[in-house]
Every structure is written in structure tokens, then in C-alpha cells.
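A short worksheet on the structure shown next.
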Amino acid sequence: SSNGIPMLIRRKEAKDHGTKRIVEGTIIPGEACLIIEDVVTSGSSVLETAQVLRKEGLKVTDAVVLLDREQGGRARLEEDGICLHSVCSLSRLLEILHDQGKLDFEMVENVKTFIRTNASVPVNEMINGSAEQLHNQCNVKTHFKEISYCARAQLPATHPIAAEIFKIMEKKQTNLCLAADVTNSKELLQLADSLGSEICILKTHVDILDDFNSDVFTELRAIANKHEFLIFEDRKFADIGNTVKHQYGGGVYKIAQWSDLVNAHVVPGPGVVKGLKEVGMPLKRGCLLIAEMSSEGSLATGDYTKAAVKLAEQHTDFVIGFISSSNISGRSEFVHMTPGVQMQIGGKIATSEVCI
């Protein structure tokens, strides 16, 4: 090339004249080769090229594309040791076109639905020469193939908030959520700052603070940014859509302004999610649905839990997962937050052995 950078071209098939090679160009075994493509969907084309190049003795660890269609290609390539770098994603392109008035909201949502329902499964397990797909499970509670937090973050249907959680978990090597059930602001901030480096999420109960003021959560957000954790207000919304909309976005607490995610009961039906979504989506927030509870005599079981899963699947643009005691969905893009343990049991600090 004019810049002195060697370039190779991979043909779809070898020609019966000339060099008769499938890869044209000067190959120096052991050198790294960057794959450049226009679009990636499932990643199959890049994988095929990588296979050919590796057979020629070249190292392939990265690929650059103009557009990532977010249909499983990124996670699939990662499994093969290839890091995908995209100039733009399809979801970002949709946002730009919508902001510019080129696409209406309905069209954007239709395209997003198409992407979600036509994504290739990124994780396959080869058993006796056949591919067993990750999501092809008859009973979702019996067995799951392990997939890294990083790969889960890159799944096409993963909500941005869920993706951020997975990335933090991978980076900090922690999946701990600290329940800051304290009644004064000073203790809340001290707890967040002293333990922030060890957690991925801080769970708050703003309505039990005796001395609440808005400055507290300005400080809390700064601490969250410093230690890289998200804020989860455990509000448990459970009213009709118009009411929860005001509870979430307005009132004294203005939860949507500072909390990355909240949760909600599914008793009111779809209206509770729609009301919260109206406030939360423009702010790029997320919501967990309460599908199971650990309290004695809980009615959140059976059909109730199934209804929560169905509602979540209908609102993946806002719902990021569940409060549950088990993996109830089998979908790796969902977060499942399970009940924890108390820091003090019987007046004593709980040891790791007791917690386990």
C-alpha cells in the first residue's frame, strides 16, 4: 500500500488461473493480521477469514467493522479470541436517525425487535460433533452453560445498564450488592466510600433516611463514579402507571435523577412498567422486576413468577432482570439479583463460613 502497510485479500474461492491462492498477498507466518469488514451480523464471515489466515500461520486477534448489527457477532468472535472494534452499532445508528427525524419511534422499535428476535446464539457447546445452543433448554432451571460477564455484556439483547453491571463485575471481580439500610446520610456516605471498591451495586432505601436532602445523592453519585458501582434504589414500586411515574420522577426524592436502577412488583400489571419506563428510558435507567421473594409465606411463586418473566421479555428496552432466588429466565442478558445475608447475625459480625 502507499503507507507501506502490507495488505492481504481473501477470496471466496481460489481461481483456476494466476496464483490460484485463496489468500492474495505476501504472507509472513507469525505476524499479526487485522481483519477489516464492512458489516458484522453473526460473525461467520470474520470467523471464516480468521480460520483461513490462521492456517497460513498468521495471528488473528482483532477485527474492525464499520457497522455492528448487534445480532450476536461480537460475543461469538470473542469466544474465538477475536476482539471486535466497530465504528458504529446499529442501535446507535437508529438513535441518530431518530434524533434527526429520519425514523419515527415505531420504526426504531420494530427494528430493535427484529434484532432481538433474529440474533444468532453466540455460545455453542460442541457435544459429539453437534452444536448445543445456550438458550435451547427444556427446563431453564436445570443447567446453564457458563458464559463470561464480558460476553454477556456484549449480547445483542443486553440492556445498557445490565451491560454496565456485567462489565463492572468483570473488571472489579465482584458480584456483591451492598444493602445500605441505614437511617442517616453521613453513615450512608461513609459506608459507600469505605466499601465502594468491593461492590458492583449499592442498594439504598431513600425513604428511611431521617435527614434526607438532595445534596446527599449528589455526593453519593460522586462516590459511585469514583469507585465504579451503580446505585439501586430499592423502592419496590407497586401502583398504577400514572402514580409510579410521579413517584419515580418527582416528589421529594426525585429517584430517577440519581438512581441507575429501581425495582417494581408486577401485581399492577404492564402499567407499572410503562409508567416507570416513561420516566426512566429518556434518562437511560433500568428496572428489575420482583419475581421471587425470600420472605416466609411469599406469594411470589409459580404463575406469578412466570408472569414476571413474560412481562420482562415484553419490555427488554427497560427491564434488565429480576429480584429472584434462582435463575428463572435462562436468558444470559438478564440480571438475577438474589437475596443476600445480614452483616450481623445474633449480634455478631457474620463470617464468610456462616454466610455460605
Side-chain angles (χ1 to χ4, degrees), residues 116 134-149 151-153 155 157-166 168-170 174-181 199-205 229-239 244 259-274 276-277 280 285-342 355-356:
R116 288 195 299 269
L134 172 66
H135 299 304
N136 187 21
Q137 305 288 345
C138 296
N139 184 343
V140 297
K141 288 192 177 183
T142 56
H143 171 70
F144 299 94
K145 187 181 186 306
E146 290 186 1
I147 175 174
S148 71
Y149 293 133
R152 290 173 69 181
L155 291 171
T158 299
H159 188 279
I161 289 290
E164 190 170 353
I165 293 171
F166 292 140
I168 292 172
M169 291 163 73
E170 184 87 21
T174 178
N175 61 358
L176 293 178
C177 170
L178 175 65
D181 298 335
I199 63 175
C200 58
I201 295 174
L202 179 76
K203 183 166 74 73
T204 60
H205 281 287
F229 63 78
L230 300 189
I231 302 173
F232 164 34
E233 168 56 27
D234 190 10
R235 179 60 177 78
K236 297 184 177 71
F237 292 100
D239 216 317
V244 299
S259 181
D260 298 295
L261 60 152
V262 292
N263 57 358
H265 287 289
V266 299
V267 173
V272 67
V273 175
K274 292 177 181 178
L276 293 172
K277 181 161 60 170
R285 305 305 192 195
C287 179
L288 296 160
L289 296 184
I290 302 167
E292 293 178 328
M293 297 185 72
S294 58
S295 55
E296 185 177 353
S298 170
L299 302 179
T301 60
D303 289 341
Y304 182 93
T305 300
K306 292 178 182 177
V309 174
K310 183 177 180 180
L311 186 59
E313 291 174 341
Q314 292 170 344
H315 295 277
T316 54
D317 53 352
F318 183 61
V319 176
I320 71 166
F322 310 94
I323 302 294
S324 62
S325 58
S326 61
N327 190 330
I328 58 175
S329 74
R331 292 179 57 166
S332 296
E333 57 265 38
F334 279 139
V335 174
H336 291 75
M337 294 189 66
T338 58
V341 294
Q342 295 180 352
C355 293
I356 293 170

- Message: Tell me whether the rings of F334 and F322 are parallel (<30°), tilted (30 to 60°) or perpendicular (>60°).
- Response: perpendicular
- Item | Nearest heavy atoms of A238 and V244, plus distance in Å | N-CG1, 4.4 Å
- Message: Could you check whether any side-chain heavy atom of E292 comes within less than 4.5 Å of a side-chain heavy atom of T301, counting everything from C-beta outward?
- Response: no
- Message: With side-chain contact (heavy atoms from CB on, under 4.5 Å) as the criterion, how do I320 and L288 come out once you've worked through the C-alpha distance, each side chain's angles and the decisive distance to 0.1 Å?
- Response: CA-CA 6 Å; I320 71 166; L288 296 160; 3.7 Å; yes
- Query: Would you say V267 and Y304 make side-chain contact, with heavy atoms under 4.5 Å?
  - Reply: yes
- Could you check if a side-chain atom of I168 sits within less than 4.5 angstrom of a side-chain atom of I201, using non-hydrogen atoms only? no
- Between T158 and R152, is there a donor-acceptor pair closer than 3.5 Å when you use the side chain of the first and the backbone of the second? yes
Only distances under 3.5 Å count here; give the side-chain donor-acceptor pairs of residues 306-319 to other protein atoms, sequence neighbours excluded, each with its distance to 0.1 Å.
residue: H315; atom: ND1; partner: K277; partner atom: NZ; Å: 2.9
residue: T316; atom: OG1; partner: R116; partner atom: NE; Å: 3.1
residue: D317; atom: OD1; partner: K277; partner atom: NZ; Å: 3.4

- Could you walk me through whether M293 and H265 pass side-chain contact (heavy atoms from CB on, under 4.5 Å), step by step? CA-CA 11 Å; M293 297 185 72; H265 287 289; 4.0 Å; yes
- Task: Kindly indicate, with the supporting measurements, whether the criterion side-chain contact (heavy atoms from CB on, under 4.5 Å) is fulfilled by F166 and V335.
- Result: CA-CA 9 Å; F166 292 140; V335 174; 3.9 Å; yes
- Item | N/O donor-acceptor pair under 3.5 Å between N263 side chain and R235 backbone | yes
- Message: For D260 and I165: C-alpha separation, side-chain torsions, deciding distance, then whether side-chain contact (heavy atoms from CB on, under 4.5 Å) applies.
- Response: CA-CA 10 Å; D260 298 295; I165 293 171; over 6 Å; no
- Over all heavy atoms of both residues, which pair between A162 and E333 is shortest? Give the atoms and the distance, please. CB-O, 3.9 Å
- Under 4.5 Å between any side-chain heavy atoms of F229 and L178, yes or no? no
- How long is the gap from CE on M169 to CG on L176, to the nearest 0.5 Å? 9.0 Å
- Query: In chain order, what residues pass the side chain to side chain donor-acceptor pair (under 3.5 Å) check against K236, with sequence neighbours excluded?
  - Reply: D234
- Query: So, the side chain of S324 versus the backbone of S326: is there a donor-acceptor pair under 3.5 Å, distance only?
  - Reply: yes
- Note on the structure: Heavy atoms of F232 and V262 approach each other most closely as CE1-C, 3.7 Å
- Task: Compare every heavy atom of A264 with every heavy atom of L276, then report the nearest pair and how far apart it is.
- Result: CD1-CB, 3.8 Å
